[in-house]
Protein chains: 2
Amino acid sequence: MVSKRRRPTINQVAKEVGVSKATVSRAFSRADMLSKETVERVLKVAREIGYVPNQAARALSTGQHGNIGLIVPDIANPFIPPLISTVQSQSEEADYCVFLGNSDELPEREDRLAKRFSGQVEGLILVSSRLSDDRIRHYAAELPVILVNRDLEGIPRILIDSAVGVTEAMAHLASLGHKHIVYVSGPPKSWSNTQRKKTVKSQGKRLNLQTTNIAANPPSYEAGFKVVEKIVASGATAAIAFDDIIAQGLLAGLASMGIETPGQFSVIGCDDVLGAVTYPQLTSISSAAGEAGRIAARTCIELLENKAMSDIRYVLDTHLVIRDTTGVFPQK
Amino acid sequence: MVSKRRRPTINQVAKEVGVSKATVSRAFSRADMLSKETVERVLKVAREIGYVPNQAARALSTGQHGNIGLIVPDIANPFIPPLISTVQSQSEEADYCVFLGNSDELPEREDRLAKRFSGQVEGLILVSSRLSDDRIRHYAAELPVILVNRDLEGIPRILIDSAVGVTEAMAHLASLGHKHIVYVSGPPKSWSNTQRKKTVKSQGKRLNLQTTNIAANPPSYEAGFKVVEKIVASGATAAIAFDDIIAQGLLAGLASMGIETPGQFSVIGCDDVLGAVTYPQLTSISSAAGEAGRIAARTCIELLENKAMSDIRYVLDTHLVIRDTTGVFPQK
DNA sequence: ATTAATTAAGCAAACGGTTGCATAATGTCA
DNA sequence: TGACATTATGCAACCGTTTGCTTAATTAAT
């Protein structure tokens, strides 16, 4: 049986110290209003009897919960954990706790989570939100909402701009002699995907290369594996995948067809989350997800602190990290 | 500027419907006490004016917050996300929100998180806790605590038992002809690591194989890479790594020394988190982290619901998944 | 020495729900 | 038809803080 041992309350501390509960309260939140000695006495007793301010009561009274909500589409996607991690540590520094939600890419689920969270958090960070513009604005009217990889005017947003990285990747492939490049696309509604696809196309035009778009749906290792046949049939000699997981699928698929990487075919991933912990090391477009998380959390906290809300739009650059899965074509 | 638009309260709904706030309250939490029509009228008005019960007030009144806390040592470790994911979805089903904390393997940080969480959650799930026995018991006295991969008597715990998987791995290597096997160990304080190390040793003895223990510290890809030299120098022909990331480091290190896998050296990982999304596919010991999360969450919720607390100790088996990084030695 | 300003602490009313007890209305049974 | 359950609702205390307003005590200014 769990003993229903109640936590000590502010009243007990007050009685023990011989002051009013207002004084105890202030010893914790407005110490500057009290004399040094009083604060010390209160804190000492509080420590002794194990008093910890009741968050719920505080939240009820102040309307502040000291939490921030973070909703991501898929924790299992290696792009996400570094982001969670930095949001977490930034929040902790500012003494906020993080509510985590996983939407599994389902808009309804994301909506449910947002609804549930909105009552107990100061701010909401939505990563690659699949919510409609309307719903996002609905929540943004209630509390600060920060978007990562979703571009919605008027809502603070952090965008990881693949354009630079993809441009570098295309140039890299062109310099290696490739003439036909496939973009293996991911979630159709994703802002990142759209942007990468567009950039591949435009850069192909500029560099005078043929480009083809082939979808890996749903975006996964298996989908990457399966789609290889189609890619090879297209006559392309290199591929840029929506993310590193699909890229790994491509590598496996190519190997299963007896096609060597990078000898006969080059592969570039996106996000650079697997590249450095995998062998052979994947050439990939680095996404600075951690950085995005850091900025999202900081923006959120700043917004909470000075309540000023301006139209914020951070754009983070990406860069190509060349490793071992891209090579010269045709092979000499 | 954020408009300080207050959410509608129970009183507004009550006034609008023409009932007491007690009735509104019951319409949401104890609908069975009211007549069907009353409940309907209340809910209708509530929906219209956008009333949502205030969690903080509810928590203050009932002492129930509707949250459960989850503290993990390192989100970036691929073993963790599937676990988070299942905890999350199980909790959601029972209408709990998840507080996530990342301790970065630091006991002090874990303690801070636990302290902060304990006031706003019903239950706490600690994964691979680095906390002292005392601290854990301290929290367990305040609220239900569930341990994953930590074996502490009297506290409900879910253990992923590597013994079976490691035993299978040793047998597999023995059958391939290997005579000297290295265990590449991870965090020294980790229960899992200790267990794996012990099993390698005992199985080595049983199968009449030489075994050596070499530490990769801190456990990482780089550490795995670096340690290869020592491993090769030991004369071993196969290695079992503490986790898949170290295993990948080993693969890279071996390749850099011109040693072929699995031709000249075999590698087995643990946790099986990278094996299936990586090429070449890693032979690994599957850990069922998701399953552990599911059981942890369910146990926690059950504990909360019927308050009965018995000494629970779940043990989950692991199994070897043979893929492409283990082979016959000596090569024919 | 008197008045004004400053500082430290207390009083009591919120904050928005829940819930034990009381009450009124309806139904049941002998 | 009176006594007794049963059902649906209201009343009001309580949960543990915060905070605007007061008061008392001390210091500064004239």
Side-chain angles (χ1 to χ4, degrees), chain A residues 4-43 45-46 49-67 95 116 118-122 142-143, chain B residues 4-43 45-46 49-67 95 116 118-122 142-143:
Chain A
K4 199 76 190 175
R5 176 149 54 110
R6 279 209 180 296
R7 295 167 153 257
T9 78
I10 206 172
N11 278 305
Q12 297 176 37
V13 179
K15 194 180 295 176
E16 185 82 16
V17 182
V19 296
S20 76
K21 57 182 187 168
T23 300
V24 177
S25 169
R26 292 197 256 257
F28 279 87
S29 41
R30 303 286 319 267
D32 54 301
M33 289 182 70
L34 266 37
S35 74
K36 263 196 156 44
E37 311 88 60
T38 309
V39 173
E40 261 172 34
R41 265 193 311 152
V42 170
L43 259 34
V45 171
I49 70 178
Y51 166 74
V52 178
N54 178 320
Q55 272 291 132
R58 188 177 265 184
L60 178 58
S61 186
T62 63
Q64 307 280 106
H65 311 253
N67 302 322
D95 217 40
R116 184 80 206 280
S118 63
Q120 3 187 14
V121 302
E122 315 310 314
E142 277 191 21
L143 78 175
Chain B
K4 200 78 191 176
R5 176 151 52 113
R6 278 210 181 294
R7 293 164 155 257
T9 77
I10 205 172
N11 279 303
Q12 299 176 35
V13 180
K15 194 180 293 175
E16 185 82 14
V17 183
V19 294
S20 75
K21 59 181 188 167
T23 300
V24 177
S25 170
R26 292 196 256 256
F28 280 87
S29 42
R30 303 287 318 267
D32 55 300
M33 289 181 70
L34 267 35
S35 74
K36 264 198 154 41
E37 312 86 60
T38 308
V39 173
E40 262 171 34
R41 266 193 311 151
V42 171
L43 260 32
V45 172
I49 69 178
Y51 166 76
V52 178
N54 177 321
Q55 271 293 133
R58 189 176 263 184
L60 177 59
S61 184
T62 62
Q64 307 280 106
H65 310 254
N67 301 322
D95 216 40
R116 183 81 203 282
S118 62
Q120 6 189 12
V121 303
E122 314 310 314
E142 278 190 20
L143 78 175

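Every chain is numbered from 1, with letters handed out A, B, ... down the list of sequences. Atoms considered below: every heavy atom in the structure, side chains included; atoms not considered: hydrogens, waters and symmetry mates.
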[X] has an atom [atom1]; how far is it from atom [atom2] of [N], in whole Å?
X      : N       : atom1 : atom2 : result
E37(A) : dT7(C)  : CD    : C1'   : 12 Å
K15(B) : dG17(C) : NZ    : P     : 14 Å
H65(B) : dC15(D) : NE2   : P     : 15 Å
R58(B) : dG16(D) : CZ    : P     : 18 Å
R30(A) : dT17(D) : CZ    : P     : 18 Å
L60(B) : dC15(D) : CG    : C1'   : 4 Å
Q64(B) : dC14(D) : CD    : P     : 21 Å
K36(B) : dT9(D)  : NZ    : P     : 13 Å

Which nucleotide, [options], lies nearest any side-chain atom of [X]?
X      : options                   : result
L34(B) : dT17(D), dT9(D), dG17(C)  : dT9(D)
S61(A) : dT18(C), dT18(D), dC11(C) : dT18(D)
A22(B) : dC11(D), dT18(D), dG17(C) : dC11(D)
T38(A) : dG17(C), dT9(D), dA8(C)   : dA8(C)

Any side-chain to backbone donor/acceptor pair from [X] onto [Y]? Under 3.5 Å, distance only.
X       : Y      : result
R7(B)   : G50(B) : no
R41(A)  : G18(A) : no
Q120(A) : A56(B) : no

Taking F28(B) as the fixed residue, which of L43(B), V13(B), I10(B) is the one that meets the side-chain contact (heavy atoms from CB on, under 4.5 Å) rule?
L43(B)
Side chains of N54(B) and T9(B): does their closest heavy-atom pair fall under 4.5 Å?
no
Over all strands shown, is [X] touching base, sugar-phosphate only, or nothing at heavy-atom distances under 4.0 angstrom?
X      : answer
S35(B) : sugar-phosphate
F28(A) : nothing
V19(A) : sugar-phosphate

Nearest-nucleotide wise, let me know which of N11(B) and V24(A) is further upstream toward the 5' end of DNA chain C.
V24(A)
Contact nearer the 5' end of DNA chain C, comparing R26(A) with K21(A):
R26(A)
T23(A) side chain N/O closer than 4.0 Å to the phosphate oxygens (OP1, OP2) of dG10(C)?
yes
Toward the 5' end of DNA chain D, which comes first, S25(A) or M33(A), by nearest nucleotide?
S25(A)
